[in-house]
Amino acid sequence: MKRNITINMFGSLYAIDEDAYELIKQYLNNMHNYFARQEGGEEIAEDIERRIAELFDELKTSGIEAITIEHVQDIIRRIGNPEEMDATETVPPEAETSRKENESRSRMRKKLFRNSEDKMLSGLCSGLACFFGIDALWIRLLTILLVWLSFGTTLIIYLILWIVVPEDKTPEDRLRMQGLPVNMENLSNKIIENARKAGEFASAPKTRNKAKGCLNGLFDIIATIFKICSFIFIGFIIILLFLFLLALCSGMFFFIFSSLGGDGWNDIFGSTFANWLSANRANECIFFTAIGSAIFVASLTIYTGVHYLMSAAGKLPPMSTFKRLTLACIWCVALSLFAASSGRIIHSFENFRAEERKTSRIQEQLDRLKQNGWNVICHENCSPTTYVKNGEYYTGNWRTWYIDSWASGHDMMKYEVERSVSVQPGVYRLEAAARTDGQGCEIYACFDGKERRTAVPAYGNTKGEIWEEAVSKLSDNQNESDNKWKKFSEVNSGKGYGWSIVEIDSITVHGNSVRYGISNVRSGNWNGSWFSAAEFRLEKIKDLAPTRPKTAHLSKKH
């Protein structure tokens, strides 16, 4: 809590806190002491004090109830400090020559500032005119012309330069802007000039407009329109930024996860994201941390932008350095927290979605087997997501699904699937297309308590009996065009996929059902790593011959 006091300057009362009072008192004492060395210095110091009173009046008019130390520091920066001149007052005699040479060189090296003493909007055009040594009017007219010719691109460049180019806040900055040496004499003249200009403007602020010609009057109208358009444009940009950040907060995952895969939107709008969010408490904490930090970043951005617009329009005082640094630190921390939590959410959700997809793929394959009447008898040490597959069929049709599995590690895989069908008594033949890369894979048939098996030829992933037959038929009938065999021979760039036709003949069934399938378990000597099978066909060859009833032979009695 600070105590406020009331001071009287030239008949006006001002509320000011103790720290600000001590600073302005010390500043005025230094100013009086410095100008007391010069002729007419008391009058100059009094003019400066009167200017400070007028600036206090401006603060009071804008709604400031009590003047703070930040207000006083800003006023001192605008007028200048006599201590800056004292620092340049004593120069060693031996350095006088080099000082003059540096001053002559520094006169040629101007620094670009925004001219606060002659500005229509930001003082940028006036600063450029001062830097290039031309009339500011032509720079302003050229800027307006380029805005129309470039369809607004020049306006964006202007706004960027407005932010990048600093404003001349001290007499030293104004000297550098004009290319003048920074020494005691020039600083003294600049402070006196600032004080007199301030007093003249405050006592008759309308004289500046009256002194202008018709062209400047017309330019005032154009500059006013330009200023309004600039503020509307900046406000529009801030609104767009706010809407974007708001959309990012409420729906950032819709934008992020849509790039994670083709079904990213389905995952979001479906139940995947809801399942992830409710999976554990940590996910909820991370999610709401990201949302909260994003809202915080958006709020600070909007607040800073609005405050900048209001201060540029003279409705609010500029932020102090401490406040700007504090808000910048908080904004950076919130942004870092948002980035870290968003990254954690993406990583966690992608792992969750991959696991859910894995489960979905397994269920989809099991459903496909079940729809075709197949039952999984054994599935051990196999790839967990592979029961069926497509893409390497002997016909070249990549859409054809077939039974398939391969080992997931060094342990021996065990995979067996079978199908049970109802049949009439008769003699049957079982036929299937299959392939494998090792010994011990067999197709089998179980009937009437019996079992018959036939090994699948191990061609691996190339050639195969079907491919060899196709190549043979094409070579035997070179003048004959057979699209079927040609198609079989050209799969896998003409190398085949290792498929063969496997048969079990003379399956004599007296009952009413047959079970058949493929397995690498029943032989007991499996040494491969994968196998595939498809197109199982149980074909009836012939009916069973009817059995004659047995007759009893009776002996005659004689």
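None of these values were measured; they are calculated from a predicted model.
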> Can Tyr402 and Lys389 be said to form a side-chain contact (heavy atoms from CB on, under 4.5 Å), step by step?
Replying inline: CA-CA 6 Å; Tyr402 47 87; Lys389 185 185 175 183; 3.8 Å; yes
>> Using ring-ring contact (aromatic ring centres under 6.0 Å, His included), reason through Trp331 and Tyr303 one step at a time and then give a plain yes or no.
In response: CA-CA 11 Å; Trp331 189 86; Tyr303 171 76; over 10 Å; no
> Going through the distances and angles, do Ile518 and Cys441 end up as a side-chain contact (heavy atoms from CB on, under 4.5 Å)?
Replying inline: CA-CA 7 Å; Ile518 186 167; Cys441 177; 3.7 Å; yes
>> Let's go through Ser506 and Tyr428 carefully: what are the C-alpha distance in whole Å and the side-chain angles of both, what is the deciding distance for side-chain contact (heavy atoms from CB on, under 4.5 Å) to 0.1 Å, and is it a yes or a no?
In response: CA-CA 6 Å; Ser506 302; Tyr428 291 83; over 6 Å; no
> Going through the checks in order, is the side-chain contact (heavy atoms from CB on, under 4.5 Å) test met by Leu538 and Leu430?
Replying inline: CA-CA 5 Å; Leu538 184 64; Leu430 178 65; 4.2 Å; yes
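Taking the side chain as every heavy atom from C-beta outward, Thr462 and Tyr497 never approach each other to under 4.5 Å. Within the 4.5 Å cutoff, the side chain of Tyr459 has heavy atoms near those of the Glu468 side chain. With contacts defined as side-chain heavy-atom distances shorter than 4.5 Å, the pair Val427/Leu544 qualifies. Residues Ile377 and Val417 fail the side-chain proximity criterion, which asks for heavy atoms closer than 4.5 Å. Here the side chains of Glu392 and Asn461 are in contact, with some heavy-atom distance below 4.5 Å. Between Asn283 and Phe349, every side-chain heavy-atom pair lies at or beyond the 4.5 Å cut-off.
Other residues, nucleotides and ligands contribute at most 12 non-hydrogen atoms within 6.0 Å of the CG atom of Asn512. Counting non-hydrogen atoms of other residues, nucleotides and ligands closer than 6.0 Å to NZ of Lys463 gives a total of 12 or fewer. For Gln424, the CD atom is loosely surrounded, since the number of other residues' heavy atoms within 6.0 Å does not exceed 12.
Listed for the Asp448 side chain is a donor-acceptor partner under 3.5 Å among the backbone atoms of His510. Of the possible donor and acceptor atoms, one in the side chain of Ser475 sits under 3.5 Å from a partner among the backbone N and O of Ser472. At least one donor-acceptor pair closer than 3.5 Å links the side chain of Asn381 to the backbone N or O of Met412. No donor-acceptor pair under 3.5 Å is formed between the side chain of Arg515 and the backbone N or O of Ala445. Distance alone, capped at 3.5 Å, is enough to place a donor-acceptor pair between the Thr359 side chain and the Glu355 backbone. At distances below 3.5 Å, not a single donor-acceptor pair connects side-chain atoms of Arg419 with backbone N or O atoms of Gly517. A donor-acceptor distance shorter than 3.5 angstrom exists from the side chain of Thr454 to the backbone of Glu503, with no hydrogens or angles considered. Checked by atom type and distance alone, the side chain of Ser342 never pairs as donor or acceptor with a backbone atom of Ala339 at under 3.5 Å. Under the 3.5 Å distance criterion, the side-chain polar atoms of Ser500 are matched with a main-chain donor or acceptor of Glu465. A distance-only check finds no donor-acceptor pair linking the side chain of Ser348 to the backbone of Arg344 [under 3.5 Å].
Here the closest non-hydrogen pair linking Lys414 and Asn520 is CA-OD1, 3.6 Å. What you find for Ala455 and Val502 is that their closest heavy atoms are O-CG1, 3.8 Å. Closest approach of Leu474 and Ser489 over heavy atoms only: CD1-OG, 3.3 Å. Considering all non-hydrogen atoms of both residues, Lys540 and Pro425 come closest at NZ-O, 3.4 Å. Scanning all heavy atoms of the two residues, the minimum distance from Leu335 to Val297 falls at N-CG2, 3.5 Å. Here the closest non-hydrogen pair linking Ile286 and Ser341 is CG2-O, 3.5 Å.
From Trp401, atom CH2 reaches atom CG of Leu369 across 10.0 Å, with rounding to the nearest 0.5 Å. Remark: Ile504 CD1 to Ile443 CD1 distance equals 4.5 Å, nearest 0.5 Å. For the atom pair CH2 (Trp499) and OG1 (Thr395), the distance works out to 9.5 Å, reported to the nearest 0.5 Å. A distance of 8.0 Å separates CH2 of Trp485 from CD1 of Ile466, quoted to the nearest 0.5 Å. Thr143 OG1 to Leu124 CG: the interatomic distance, rounded to the nearest 0.5 Å, is 7.5 Å. Atom CD in Gln365 sits 8.0 Å away from atom CZ in Arg361 (nearest 0.5 Å).
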Without placing hydrogens or testing angles, list every side-chain donor-acceptor pair under 3.5 Å for residues 524-537, not counting sequence neighbours.
from: Asn525; atom 1: OD1; to: Ser523; atom 2: OG; distance (Å): 2.8
from: Trp526; atom 1: NE1; to: Gly528; atom 2: O; distance (Å): 3.0
from: Asn527; atom 1: OD1; to: Gln439; atom 2: N; distance (Å): 2.5
from: Ser529; atom 1: OG; to: Asp437; atom 2: OD2; distance (Å): 2.5
from: Trp530; atom 1: NE1; to: Asp437; atom 2: OD2; distance (Å): 3.2
from: Ser532; atom 1: OG; to: Asp404; atom 2: OD2; distance (Å): 2.3
from: Ser532; atom 1: OG; to: Arg435; atom 2: NE; distance (Å): 3.2
from: Glu535; atom 1: OE1; to: Tyr394; atom 2: OH; distance (Å): 2.9
from: Glu535; atom 1: OE1; to: Arg537; atom 2: NH1; distance (Å): 3.4
from: Glu535; atom 1: OE2; to: Tyr393; atom 2: OH; distance (Å): 2.8
from: Glu535; atom 1: OE2; to: Tyr394; atom 2: OH; distance (Å): 3.3
from: Arg537; atom 1: NH2; to: Glu431; atom 2: OE2; distance (Å): 2.0

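In this pair, Tyr415 and His379 present their aromatic rings perpendicular. The plane angle is above 60°, beyond the 30 to 60° band.
Between the side chains of Arg452 and Tyr444, not a single donor N or O lies within less than 3.5 Å of an accepting N or O. Of the N and O atoms on the side chains of Asp367 and Gln371, not one donor lies less than 3.5 Å from an acceptor on the other residue.
At a threshold of 4.0 Å, the pair Arg522-Glu442 does not count as salt-bridged, since none of the basic side-chain nitrogens sits closer than that to a carboxylate oxygen.
Taking the centre of each ring, Phe132 and Trp138 stay at or above the 6.0 Å mark.
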